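This report refers to the structure that appears directly beneath it.
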Amino acid sequence: MARPPAPTAPLELFGTDALIGEEDRAIRDTVRRFVEDRIRPEIGEWYDTGSLPARDLAKELGQLGVLGMHLEGYGCAGTSGTAYGLACMELEAGDSGLRSLVSVQGSLAMFAIWKHGSEEQKQEWLPRMAAGEAIGCFGLTEPDFGSNPAGMRTRARRDGDDWVLTGNKMWITNGSVADVAVVWAQTDDRIRGFVVPTDTPGFSAPEIKRKLSLRASVTSELVLDEVRLPGSAVLPEVAGLSGPLSCLNEARYGIVFGALGAARDCLETTIRYAQDRQIFDRSLASYQLTQAKLADMTLELGKGMLLALHLGRLKDEERLAPEQVSLGKLNNVREAIAIARECRTILGAAGITTEYPVMRHANNLESVLTYEGTSEVHQLVIGKAVTGEAAFR
Amino acid sequence: MNIVVCVKYVPDAQAERTFNASDNTTDRENVDGLLSELDEYAVEAALKLVEAGEGEVTVVTVGPDQAADAIKKALQMGADKGVHVKDDAIHGSDAIATSLVLAEAIKKIGSPDLVVTGMASTDGTMGVVPTMLAERLGLPAVTYASELTVDGAKATIRRDGDVSTQTIEATLPALISVTDQINEPRYPSFKGIMAAKKKPVEEWSLADLGVEAGQVGLDAAWTKVEAFAARPPRSQGEIVTDEGDGGKKLAEFLASRKFI
């Protein structure tokens, strides 16, 4: 059977482009082209070999203006929150590892300094980080403390004017390639954030290998062995868990869009595959069971996109509540991984190699499902919002 | 150094391109358009020259309302200002009329040190406008540059031919057309995208340029598309069955098509 005339792409069917301003679309299109030109030809190889040229990519992303793009001043582009979300979507259509690099740089490390840092800390780090000349990481999670960061064991003690940090952080994206780490530690008083140059004696960041997910991403442990820092290293403007949580909220917002990028890439790849693949005497796309799957996936992708754009609008109006970010992160990652897995069933055996992006995205989304707040934690956040009862423990 | 870059808004080559049935002109209404890819090299070349010294880059286009997108893209890449010549009478113009309108627009912009163009448009692909434009402006035309340097009042280009590579010099002011080998056009940066909307774009009509409507358009064109037909779908290739002489047959086929 001949290919049907001019099929409509899933998101085109929803007409979501009409909800996006011209400038945000131009930014999105630029990132899309960058990903097509620079990432797509290489990503299968990077994933396969478990490597990522993070330093080179950071410089290229910095030139575009992706790093810390929605922050104002200090060399940052100062785009809308919606544009930031759309950029995350295009990056993650390339690979979740690439989006993770950008999320951690912009929304965690840079945002922490931009929001809670001293003027000196901002001047020292933000322009170089925006340009991709310096890479940042963010140390909150510990081996035994993920969903319960308040229990962290990393300690910062005062010694004269200095601070001395001791402890371990785990699952830290960009850790081994970072020039600066924003590290959260318990003090005698409350949890505080510290700006730690990674060449400080006592700091090391061994890379975590043998991953089956986010293979094109640098993941590390941070070891802080009596790391001595001047008094000026502390983030002066925040104390308590609200500091790191404010940063996580930014990064989660990017994931609301990002996960849909991975899902879109899976679905578009799968539609093309189903059109070309002949089974018995006609295309796989012409079978009703295939179409039922494609229709359901199109629906979830479009619904997720409408939710993401709605949250983007709220963010741009400075009305976005953390619970609303939880709605987006829970739904869109959950649906994205469901789409990736369903797409794999249509690709059959072809879906399990790096020739097609589908299983790579599915494996990556396994990490995205639990990092930056597990699905279960986001369920509890939403549960608390609608019942008034906190059920975290 | 002040540079004018001529750019064209063309139908996206990735989309299905066609002609208008009524007058056989290029259909620009029903196809998404963009800045001609070959013109991105011209914009990049101009930006590099200005960034290395001083001056400004003005982009000029002749085309319908949507052609503003081509100017915007060049402004997002870093050009300083734009000129959009649009007039219903221009519809259907050939290269001769296009070069007339461009020449008058460039005269009105001022006296640039350099006029930079792409080597051809990606829709018409005639590649004659640069030379015609230079003639009208009385400038030396140095075309198909795959390398360009400017030193004082002297521009030097490298032109790669099939049998030789030429180094050509011209004194400024001059017109240079560039090939797709000259550089790697930049992506518009986010700051560039956001700054572009504040950059000035002037819209001029034929009257603003002192060009008569009768000098341009389909009726004045020296060349016209008389008829068009869609290219027939590709026929299936020839299958060589190997009966012990597969290699020989393959070689004969390639030789018959002058591949070897």
Side-chain angles (χ1 to χ4, degrees), chain A residues 2-3 5-9 12 17 20-39 57 59-88 90-91 94 102 106 127 130-132 316, chain B residues 7 9 11-18 27 30-37 39-41 43-44 47-48 51 59 65-79 82 122 180 183-199 201 230 232-236:
Chain A
R3 180 179 283 207
T8 309
E12 256 175 61
D17 263 18
I20 305 169
E22 187 187 339
E23 188 173 287
D24 293 347
R25 252 184 292 146
I27 289 172
R28 180 208 46 198
D29 292 347
T30 301
V31 181
R32 185 175 292 182
R33 192 166 153 193
F34 172 80
V35 169
E36 286 299 325
D37 293 351
R38 180 70 179 97
I39 305 300
L57 284 175
K59 288 206 182 83
E60 291 173 49
L61 292 162
Q63 259 166 23
L64 277 185
V66 178
L67 305 175
M69 61 188 275
H70 63 309
L71 306 180
E72 287 284 348
Y74 305 100
C76 303
T79 70
S80 70
T82 299
Y84 171 58
L86 292 167
C88 286
E90 296 308 322
L91 294 168
V102 169
D316 288 332
Chain B
V7 299
Y9 177 81
D12 188 348
Q14 308 283 332
E16 214 158 302
R17 295 180 291 181
T18 183
D27 181 1
N30 300 309
V31 188
D32 280 342
L34 37 68
L35 170 62
S36 172
E37 207 181 312
D39 294 342
E40 286 188 24
Y41 298 93
V43 174
E44 178 69 33
L47 291 175
K48 279 208 166 87
E51 283 164 0
V59 286
D65 287 346
Q66 310 95 294
D69 283 356
I71 292 182
K72 189 172 292 160
K73 176 76 185 283
L75 296 179
Q76 289 172 346
M77 289 173 74
T122 56
D180 57 358
N183 55 40
E184 191 68 44
R186 67 194 64 186
Y187 304 102
S189 75
F190 296 176
K191 282 183 197 164
I193 289 171
M194 296 170 71
K197 62 180 178 222
K198 298 186 196 96
K199 291 178 177 173
V201 178
R234 247 181 229 202
S235 56
Q236 199 185 350

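All values derive from a computational prediction rather than experimental measurement. Letters A, B, ... are given to chains in the order of the sequence lines, protein chains preceding strands, and every chain is numbered from 1.
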Pairs of donor and acceptor atoms under 3.5 Å between chain B and chain A, please, with atom names and distances.
from: B:E40; atom 1: OE1; to: A:R33; atom 2: NH2; distance (Å): 3.2
from: B:K72; atom 1: NZ; to: A:E22; atom 2: OE2; distance (Å): 2.2
from: B:Y187; atom 1: OH; to: A:D37; atom 2: OD2; distance (Å): 3.0
from: B:F190; atom 1: N; to: A:L64; atom 2: O; distance (Å): 2.7
from: B:K191; atom 1: NZ; to: A:G75; atom 2: O; distance (Å): 3.0
from: B:K197; atom 1: NZ; to: A:E23; atom 2: OE1; distance (Å): 2.4
from: B:K197; atom 1: NZ; to: A:E23; atom 2: OE2; distance (Å): 3.4

(message) So which atom in A:G65 and which in B:F190 form the shortest heavy-atom distance, rounded to 0.1 Å?
(response) O-CD1, 3.1 Å
(request) Please flag which part of A:V31 lies under 4.5 Å from any non-hydrogen atom of chain B: side chain, backbone, both or neither. (result) side chain
